[in-house]
**Q** 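Supplied in structure tokens, the structure appears directly below.
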Amino acid sequence: MNGAWTAAAGALSCSGIALVAWWAVSRLPEPDEVDELPHLPQSPAWTKPSYASVARRRGWVVSTLLVAALLGAWASTLAEPWPWLAWGSAGLVLVTVDLATTYLPVRLHWWAAGMTVVGVAAVLVRDPAPGRVLTVVAGAALATAFFWLVWRITGAFGFGDVRLAVPLGALAGLLGWSGWFGALLAGTALGAVHGLLVSLWRRRHPSGLGSAFPYGPALWVGPWVALALT
């Protein structure tokens, strides 16, 4: 019975945070060059949907709340659920907005990333083993450096994905180096598969986005895959 109540509490808290995050999305200012560092030019064939219009997509909102509830129930079974609850709620809404607009809003990013990093810090306070602290800090730094280099050299994705690498690397670092590598490998592999499918689809259905596609959702899934495997 206690396990059922814990899972219910995790599901409720995770979906509740996601709902608040959607409320915040409806009030986000639209991006500008200084604030968002946009990576995709606007074109007559495609214009970024407004954040408010995305927040009004009931199917998307309901779907993310259901996913958040399932992830919250799962996270509640962990010994250290706090960062996973953040990643599965505000983080989920963040990458859903990316999926709809190809932008990771800065303000929502700092909220989602801040919650995740604070959750990671709480885990480290509880278990301050030097090796684990090093893995988390180095994992965040190395993931960010890697994505920054790819962004800088190739421009294959936007700067929002570089920012996303900070909480991603820290969260994956909690799983040890094998979990960290697994999270990045899973995220980049899923991103490559997503890109291939998008490219094939747009051969028959051209888009103003060209070959560009949101990378954040695949990166977000990576730590969940690593968690399941470890």
Side-chain angles (χ1 to χ4, degrees), residues 1-31 49-101 103-126 136 140 160 163-175 183 187 214 216-228:
M1 182 63 71
N2 288 337
W5 279 110
T6 300
L12 184 62
S13 61
C14 209
S15 57
I17 295 171
L19 184 60
V20 173
W22 274 120
W23 175 84
V25 169
S26 68
R27 286 156 176 77
L28 285 173
E30 292 304 311
S50 68
Y51 294 135
S53 70
V54 174
R56 289 195 295 268
R57 298 180 183 180
R58 293 184 180 179
W60 289 50
V61 173
V62 171
S63 297
T64 55
L65 294 182
L66 290 175
V67 172
L70 291 174
L71 293 175
W74 180 18
S76 68
T77 66
L78 305 174
E80 302 160 337
W82 316 293
W84 297 100
L85 290 172
W87 194 246
S89 55
L92 172 60
V93 175
L94 175 66
V95 297
T96 302
V97 173
D98 186 28
L99 186 63
T101 67
Y103 283 78
L104 289 159
V106 170
R107 296 185 185 185
L108 185 59
H109 163 80
W110 290 125
W111 179 25
M115 288 180 61
T116 304
V117 171
V118 167
V120 171
V123 171
L124 295 180
V125 168
R126 181 181 179 184
V136 167
R163 290 194 298 261
L164 190 63
V166 178
L168 184 157
L171 182 63
L174 288 177
L175 304 175
L219 297 179
W220 175 84
V221 171
W224 294 108
V225 174
L227 176 64

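From a predicted model like this one, the values you see are computed outputs, not experimental measurements.
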**Q** Which atom pair, heavy atoms only, marks the closest approach of Trp111 to Ala24?
**A**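 Of all heavy-atom pairs spanning Trp111 and Ala24, the closest is CZ3-CB, 4.2 Å.
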**Q** Can you confirm whether Pro217 sits close enough to Thr96 that some side-chain heavy atom of one is under 4.5 Å from a side-chain heavy atom of the other?
**A** no
**Q** Taking all heavy atoms of Ile17 and all of Ala90, pick out the closest pair and write down the distance.
**A** CG2-N, 4.1 Å
**Q** Should we say atom CZ of Arg27 is surrounded by more than 12 heavy atoms from elsewhere, each under 6.0 Å from it?
**A** yes
**Q** So does Pro214 get a backbone contact from the side chain of Asp98, meaning a donor-acceptor N/O pair under 3.5 Å?
**A**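 The answer is no, because no donor-acceptor pair under 3.5 Å joins these two groups.
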**Q** Testing the basics here: between Arg163 and Val106, what is the closest heavy-atom pair and its distance to 0.1 Å?
**A**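 Closest approach of Arg163 to Val106: NH2-CG2, 3.4 Å.
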**Q** For the pair Trp87 (side chain) and Thr116 (backbone), establish whether a donor and an acceptor sit closer than 3.5 Å, ignoring hydrogens and angles.
**A** no
**Q** Are the side chains of Val25 and Pro105 in contact, using a 4.5 Å heavy-atom criterion?
**A** no
**Q** Decide whether Trp22 and Thr64 meet the rule of one side-chain donor and one side-chain acceptor closer than 3.5 Å.
**A**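 Note: Trp22 and Thr64 side chains meet the donor-acceptor criterion.
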**Q** Under a 3.5 Å distance rule, please check whether Glu30 uses its side chain to pair with a backbone N or O of Tyr51 as donor and acceptor.
**A** yes
**Q** Could you go through the side chain to side chain contact (heavy atoms under 4.5 Å, CB included) check for Val62 and Leu66 one step at a time?
**A** CA-CA 6 Å; Val62 171; Leu66 290 175; 4.2 Å; yes
**Q** Please step through side chain to side chain contact (heavy atoms under 4.5 Å, CB included) for the pair Trp84 and Leu71, ending with a clear verdict.
**A** CA-CA 8 Å; Trp84 297 100; Leu71 293 175; over 6 Å; no
**Q** Side-chain contact, heavy-atom cut-off 4.5 Å: Arg56 with Val61?
**A** no
**Q** Okay, side chain of Ser53, backbone of Pro49: is any donor-acceptor separation there less than 3.5 Å?
**A** no
**Q** For Ala113 versus Pro167, what's the shortest heavy-atom pair and its separation?
**A** CB-CG, 3.8 Å
**Q** With side chain to side chain contact (heavy atoms under 4.5 Å, CB included) as the criterion, how do Thr6 and Thr77 come out once you've worked through the C-alpha distance, each side chain's angles and the decisive distance to 0.1 Å?
**A** CA-CA 8 Å; Thr6 300; Thr77 66; over 6 Å; no
**Q** Dump the intermediate steps for side chain to side chain contact (heavy atoms under 4.5 Å, CB included) on Leu19 and Leu65, then the final yes or no.
**A** CA-CA 7 Å; Leu19 184 60; Leu65 294 182; 4.0 Å; yes
**Q** List the atom of Arg126, the atom of Ala79, and the distance in Å for their closest heavy-atom pair.
**A**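 So the two residues come closest at NH1-O, 2.8 Å.
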**Q** Distance check, rounded to the nearest 0.5 Å: Trp220 atom CH2 versus Leu94 atom CG?
**A**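 These two atoms lie 11.0 Å from each other.
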**Q** Is any side-chain heavy atom of Met115 less than 4.5 Å from a side-chain heavy atom of Trp82?
**A** no
**Q** Checking side chain to side chain contact (heavy atoms under 4.5 Å, CB included) between Val136 and each of Val123, Leu175, Leu124, which is the one that passes?
**A**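 With Val136 as partner, side chain to side chain contact (heavy atoms under 4.5 Å, CB included) holds for just one option, Leu124.
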**Q** Hey, could you give me the CG/SG distance between Leu92 and Cys14, rounded to the nearest 0.5 Å?
**A** 8.0 Å
**Q** Between Trp74 and Trp224 (judged by ring centroids, cut-off 6.0 Å), do the two rings come close enough to count as a pair?
**A** yes
**Q** Can you name the closest pair of heavy atoms from Gly10 and Ser76 and give their distance?
**A**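 Looking at all heavy atoms of both residues, the shortest contact is CA-CB, 4.1 Å.
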